Amino acid sequence: MQQDALQAGRTGRAGALLKIDLKALRNNYRLLRGKLGNAQCGAAVKADAYGLGAIRVSRALVEEGCRHLFVAHLEEAITLRPHVAEHVAIYVMHGSPVGYEAEFLEHRCIPVLNSREQIAGWRKLAEANNKQLPAIIQLDTGMSRMGLSAQEVQAWLADPDFIRGISLQYLMSHLACAENQQHPMNRQQLQAFTALRAQLPACGASLANSSGIFLGPDFHFDLARPGAALYGVAPVAGHDNPMQAVAHLQGRIIQTREIAAGTGVGYSLTWRCTRPSRIATVAVGYADGWLRSLSNRGVAHIGGIAAPMVGNVSMDTITLDVSDVPLAQLYPGALVDLISATNGVDQVAERAATIGYEILTSLGLRFEREYLD
Ligand SMILES: *Cc1c(COP(=O)(O)O)cnc(C)c1O
């Protein structure tokens with residue numbers, strides 16, 4: 001048993017093993033593309049593809065036919081650019097920081113222009129280069145975060161030179177409440193987007209994130225930008241998750257101990273056992289993105305048996321009550337399931353009082369990573 005776990009092609013040097021299932025990622029992409037009909041299925045690969053590795057993830061998605069990748073920062077786009085084919089567009093959702101416009105040309109990435117300043121900067125670069133430069137323009141349809149307001153769109157309509165030199169690829173907007181299918185804001189934003197588009201130059205349109213795809217064809221337009229659902233996060237609140245799990249996290253047991261009834265565990269002794277107990281210390285902590293809010297709330301599984309996390313999460317360790325787990329499974333180096341098919345990112349998130357997005361994007365850099373494809 002011990003031998004098997006240690007010999008499964010892993011070094012054992014790291015405190016945890018993060019398995020990233022690219023087959024599941026590919027299946028998720030196909031499922032979303034299937035729902036989209038004729039609309040293109042792009043992908044949000046910002047934040048290192050939600051912590052799962054933007055280069056590996058992007059390559060797999062491009063093999064599946066994805067031609068539109070979205071990151072947040074210019075820096076992310078520059079890192080990714082050499083790793084994906086030139087015919088794949090990389091869009092920077094934050095647009096250009098002032099003064100960095102020329103780097104978009106140099107690195108062949110496309111800005112999402114969110115403000116009049118960003119549009120002016122891109123127009124100036126087009127003028128200086130004497131050519132049409134591609135861009136997406138974002139419109140704010142109610143989230144009040146990014147994009148031109150309805151008033152700024154009026155200024156655009158009044159100024160024939162507003163996008164001079166800009167080859168407008170898509171108009172885009174972002175939904176604030178899409179995971180809640182009943183929310184009236186979804187239709188309101190759809191109407192606002194449609195009304196603004198009708199006044200603006202004809203071009204492609206992009207509205208839906210993961211959850212937006214599940215709101216139906218009215219929300220699909222020409223290009224969708226799913227992120228979370230590709231990585232296994234449930235796209236529709238209160239419904240079964242149709243996506244396959246992509247991230248599987250297993251931590252390694254460092255040591256186990258027997259403690260007498262009444263003994264405290266961990267910093268500040270926030271948990272005390274009421275019966276004689278066996279405690280396993282596992283080499284994952286909040287420095288690995290195992291959020292401290294999981295203290296006394298999280299659960300691990302060992303051979304399918306639940307082992308509650310007891311005591312506070314430390315920087316580098318958690319402690320589990322493994323009293324109900326057969327001794328044969330509790331040896332130094334044994335792997336315990338922290339994110340698994342039975343206890344997915346959304347369940348972990350619920351226990352941590354957050355969302356699956358934050359669990360994924362917090363995943364640490366100290367894990368040994370294994371890509372399955
Ligand atoms: C992050 C992001 C997406 C992807 O959203 P998911 O909910 O992860 O599918 C799409 N569009 C914009 C503007 C974003 O910021």
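Keep in mind the model is a prediction, meaning the values are calculated, not measured. All ligand and atom numbering here is 1-based and tracks the order in the structure.
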Let's go through Phe221 and Phe193 carefully: what are the C-alpha distance in whole Å and the side-chain angles of both, what is the deciding distance for ring pair (Phe, Tyr, Trp, His ring centres under 6.0 Å) to 0.1 Å, and is it a yes or a no? CA-CA 11 Å; Phe221 293 95; Phe193 188 54; 5.1 Å; yes

Can we say Lys46 and Glu76 salt-bridge, meaning some charged N sits less than 4.0 Å from an Asp/Glu carboxylate O? no

Ligand 1 polar-atom proximity to protein (N/O, under 3.5 Å):
unit_1, atom_1, unit_2, atom_2, d
ligand 1, 7 (O), Asn209, ND2, 3.1
ligand 1, 7 (O), Tyr357, OH, 2.6
ligand 1, 8 (O), Tyr50, OH, 2.5
ligand 1, 8 (O), Ala228, N, 2.8
ligand 1, 9 (O), Ser210, N, 2.8
ligand 1, 9 (O), Ser210, OG, 2.5
ligand 1, 9 (O), Gly227, N, 2.8
ligand 1, 11 (N), His174, ND1, 3.4
ligand 1, 11 (N), Arg225, NE, 3.0
ligand 1, 11 (N), Arg225, NH2, 3.3
ligand 1, 15 (O), Lys46, NZ, 2.8
ligand 1, 15 (O), Arg145, NH2, 3.2

For Thr270 and Ser268, does a side-chain donor sit closer than 3.5 Å to a side-chain acceptor? no

Under a 4.0 Å threshold between the charged nitrogen and the carboxylate oxygen, would Asp324 count as salt-bridged to Arg275? yes

Any idea how His94 and His73 line up, ring-wise: parallel (<30°), tilted (30 to 60°), or perpendicular (>60°)? perpendicular

Are Glu370 and Lys19 within salt-bridge range, i.e. N to O under 4.0 Å? no

